[in-house]
Amino acid sequence: MRLPPKLTPLRLLLAILRARPWLATGSAVLGALWLVPSALLPFAVGRAIDAGIAGDDTGALIAYAMVIVSIGVAQMVCGGLLDYLTHGMWMHASSALQRTVVNHTTRLGASLRSQAGTGEVMAVTSSDLNHLGNAFEVFGRLAGAVVAFLTVGIVLLGSSPLLGAVALIGVPLAVAGLGPLLAPLQRRKDTQRDQLSEVNALGADIVSGLRILRGVGGERQFHRRFRTASQRVRRAGVEVARSESWLAAAEILLPGLVTIVITWLGARLAVSGELSVGELVAFYGASAFLVIPVTTATEAADGFAGAMVSAKKACGLLKLRPELDDPASPVPLPGGALELHDTATGFTAVAGKLTVVDAGKNAEALASRLARFADAGHGQRVLVAGVPADQVALAELRTRVVYAHNQDVWFSGILREQVAPAREGRVGVEEALRAADADDIVAALPNGLGELIGERGREVSGGQRQRLSLARALATDADVLLLDEPTSAVDAHTEARITERVTELRRGRTTVVFSQSPLWKVVADEVVHYPNRQEVL
């Protein structure tokens, strides 16, 4: 789906609608074919009464009975097809928004965390999809309601200009009378949406830090915070329900008043002889039918209000831009091992060597600059094989220079798929697991590499998860691999085996290990005590 240059909530909805024009057109056509027969049914019944019963014409009665049956069959067939397409409209709107938001947030990469909260992203890709889908689901029925209303109005004008005028004027006035109820409803939905984002973010924080909370005895405090936040969502939901209840009452009351007026006028005309009994029945049925277009219009207005709130939140995410831009004319990197040089600190990672950096609290900042997750700034640069990192395409840089943080997140999935890289290299999954001393973890799992690992890898301990994360990094076989404290959660014997195996596996490749462990310094080609000195071993 192509987004408009100047993105607004309305333009986003129109872009989604234009993405499947045949679906929208088919839904509108079937909506008309479904409701127009219902609009004509009272007139067919009226003619059957006048011509068949009052006129004592059995042939005419049978003919109109067949017409009524045909109308019912047509309504049934078109209604079934409309139901199919309206579900298609709902799925199209929801999936289009989900794909667009997910693709955009994926392109944002590491820039997303500093610009949007977890709760905001969760709300857009969960509850907001439903609101948007509901607005598109009613589109076909709304188009049919408009056509059916005009059909009834024209037929009523042909039979009785007075009753037709009452219908054509009264029903739009009834719909307009619902307008004052929509603005407060939209405001309350917006408030509820904000409260929902807050409670989603709080819930995500609690789940991710549950073990820590239990360790420090913070469950009760966070339980109170979550309870307070969820109660705010409940109160906001009650306010939304109150507005919707008033809207539901008004959508019955206002068109009901129009029906009463048409019925009363029709009865007076029938008593005076200007209308026949069949015409009176037809007018009453037609006026009662007018409740359907008003109800559909109200449902559409309610759905549109919710969709605008959701689209506004989605636009907020879609307007975010990466903090790091791709160069206009990217410079390709040479093949083979790569050297890294940071002009801000003078640090150099020699190509094909294992460099251990003892940087303490500065390790993460230096690693982020070297991998270009953050620019050095102030005219300083990171050079990758002599090429400024900001002149290399980000896609190539992310493939050639891999930064593995010891707190990288695990998603739910099969272990082999979690460890295996997107592109196969010279390092296999089993080889990477052995180098990370993680093959015993796999052997202990019931299904081995086929085991389903839950989100954040909660089925394994912290040390096991760290070894699996190291295996995942080694399996990328990156030309430059930056490892942040890869063995901080393992014992000394395990760490010793890992350092030796990683050294052997990464021989000839550039590897930078940020660690204060003496076991890594023993196997290193160079040790850097940042920011003081760099020594060659």
Side-chain angles (χ1 to χ4, degrees), residues 333-334 336-374 376 380-387 389 397 400-408 427 432 434-438 463 466-467 469-537:
L333 293 173
L338 303 174
E339 178 183 274
L340 294 182
H341 177 70
D342 180 24
T343 61
T345 62
F347 167 75
T348 300
V350 180
K353 301 292 185 180
L354 172 62
T355 304
V356 173
V357 183
D358 184 354
K361 64 180 182 180
N362 300 308
E364 189 168 348
L366 177 58
S368 296
R369 285 203 307 274
L370 292 174
R372 209 200 164 205
F373 282 101
Q380 304 295 335
R381 281 180 164 179
V382 170
L383 303 178
V384 185
V387 179
L397 193 65
R400 305 286 301 279
V401 181
V402 173
Y403 173 30
H405 195 282
N406 64 357
Q407 296 298 323
D408 284 343
V427 178
R434 182 186 178 281
D437 200 39
Q466 189 177 66
R467 284 185 281 161
S469 296
L470 175 58
R472 181 172 61 180
L474 295 172
T476 62
D477 192 30
D479 294 316
V480 179
L481 182 60
L482 308 174
L483 300 174
D484 178 27
E485 292 290 356
T487 53
S488 59
V490 302
D491 60 79
H493 295 289
T494 303
E495 185 178 21
R497 288 195 298 272
I498 291 174
T499 58
E500 293 175 359
R501 293 175 182 180
V502 170
T503 302
E504 180 62 29
L505 182 70
R506 293 288 301 171
R507 195 174 304 280
R509 302 278 185 171
T510 307
T511 308
V512 181
V513 180
F514 294 88
S515 176
Q516 295 177 320
S517 169
L519 293 176
W520 277 108
K521 295 177 181 179
V522 167
V523 299
D525 297 308
E526 293 188 2
V527 176
V528 177
H529 298 276
Y530 175 83
N532 298 323
R533 68 183 188 278
Q534 180 167 340
E535 58 184 86
V536 179
L537 299 182

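Numbering starts at 1 and runs along the sequence shown.
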Enquirer: Enumerate the salt bridge (Lys or Arg N to Asp or Glu O under 4.0 Å) contacts for residues 484-493, please, sequence neighbours excluded, ordered by first and then second residue.
Expert: none

Enquirer: Considering non-hydrogen atoms only, spot the tightest contact between Ala492 and Leu519 and give its length.
Expert: O-CD1, 3.5 Å

Enquirer: Counting distance only, does the side-chain N/O of Thr510 pair as donor-acceptor with the main-chain N or O of Leu338 below 3.5 Å?
Expert: yes

Enquirer: Taking the basic N atoms (NZ, or NE/NH1/NH2) and the acidic carboxylate oxygens, is any pair closer than 4.0 Å for Glu504 and Arg507?
Expert: yes

Enquirer: How far does OG1 of Thr343 sit from CZ of Arg381, to the nearest 0.5 angstrom?
Expert: 8.5 Å

Enquirer: Might you point out which heavy atoms bring Ala473 and Leu483 nearest each other, and give the distance in Å?
Expert: CB-CD2, 4.1 Å

Enquirer: Given Leu482, which partner from the list Leu370, Val513, Val357 fulfils the side-chain contact (heavy atoms from CB on, under 4.5 Å) test?
Expert: Leu370

Enquirer: First locate atom OG1 of Thr348, then atom NZ of Lys353, and finally report the distance between them rounded to the nearest 0.5 Å.
Expert: 14.0 Å

Enquirer: Ala478 and Val402: which non-hydrogen atoms are nearest, and at how many Å?
Expert: CB-CG2, 3.4 Å

Enquirer: Considering only heavy atoms from C-beta outward, does the side chain of Asp477 approach that of Arg509 to under 4.5 Å?
Expert: yes

Enquirer: Is there side-chain contact between Thr494 and Arg467, with at least one heavy-atom pair below 4.5 Å?
Expert: yes

Enquirer: Taking all heavy atoms of Leu470 and all of Pro486, pick out the closest pair and write down the distance.
Expert: CD1-CB, 4.1 Å

Enquirer: What distance separates His405 NE2 from Ser368 OG, expressed to the nearest 0.5 Å?
Expert: 7.5 Å

Enquirer: Give the C-alpha distance, both sets of side-chain angles, the deciding distance and a yes or no for side-chain contact (heavy atoms from CB on, under 4.5 Å) between Tyr403 and Glu364.
Expert: CA-CA 10 Å; Tyr403 173 30; Glu364 189 168 348; 3.8 Å; yes

Enquirer: For the side-chain hydrogen bond (donor to acceptor under 3.5 Å, both in side chains) test, which of Thr499, Asp358, Thr487 pairs with Trp520?
Expert: Thr487

Enquirer: State the CG-CZ distance between Asp437 and Arg497, to the nearest 0.5 angstrom.
Expert: 4.5 Å

Enquirer: With no hydrogens and no angle check, is any side-chain donor or acceptor of His341 less than 3.5 Å from a backbone partner on Ala349?
Expert: no

Enquirer: Please determine whether side-chain contact (heavy atoms from CB on, under 4.5 Å) holds for the pair Val350 and Asp525, giving the CA-CA distance in whole Å, both sets of side-chain angles, and the decisive distance to 0.1 Å.
Expert: CA-CA 9 Å; Val350 180; Asp525 297 308; over 6 Å; no

Enquirer: Could you grab the distance from atom CG of Leu474 to atom OG1 of Thr476, nearest 0.5 Å is fine?
Expert: 7.5 Å

Enquirer: Ignoring hydrogens, what is the shortest heavy-atom contact between Ala337 and Gly352? Give both atom names and the distance.
Expert: CB-N, 3.7 Å

Enquirer: Tell me, yes or no, whether the heavy-atom count around Arg434 atom CZ, taken from other residues, nucleotides or ligands under 6.0 Å, exceeds 12.
Expert: no

Enquirer: Nearest heavy-atom pair of Ala524 and Val356: which atoms, and what distance?
Expert: CB-CG2, 3.4 Å

Enquirer: If you define the side chain from C-beta out and look only at heavy atoms, does anything of Val384 sit under 4.5 Å from Leu340?
Expert: yes

Enquirer: Would you check, one step at a time, whether the test side-chain contact (heavy atoms from CB on, under 4.5 Å) holds for Leu354 with Arg506?
Expert: CA-CA 8 Å; Leu354 172 62; Arg506 293 288 301 171; over 6 Å; no

Enquirer: Is Val382 close to Arg372 at the side-chain level, that is, under 4.5 Å between some pair of heavy atoms?
Expert: no

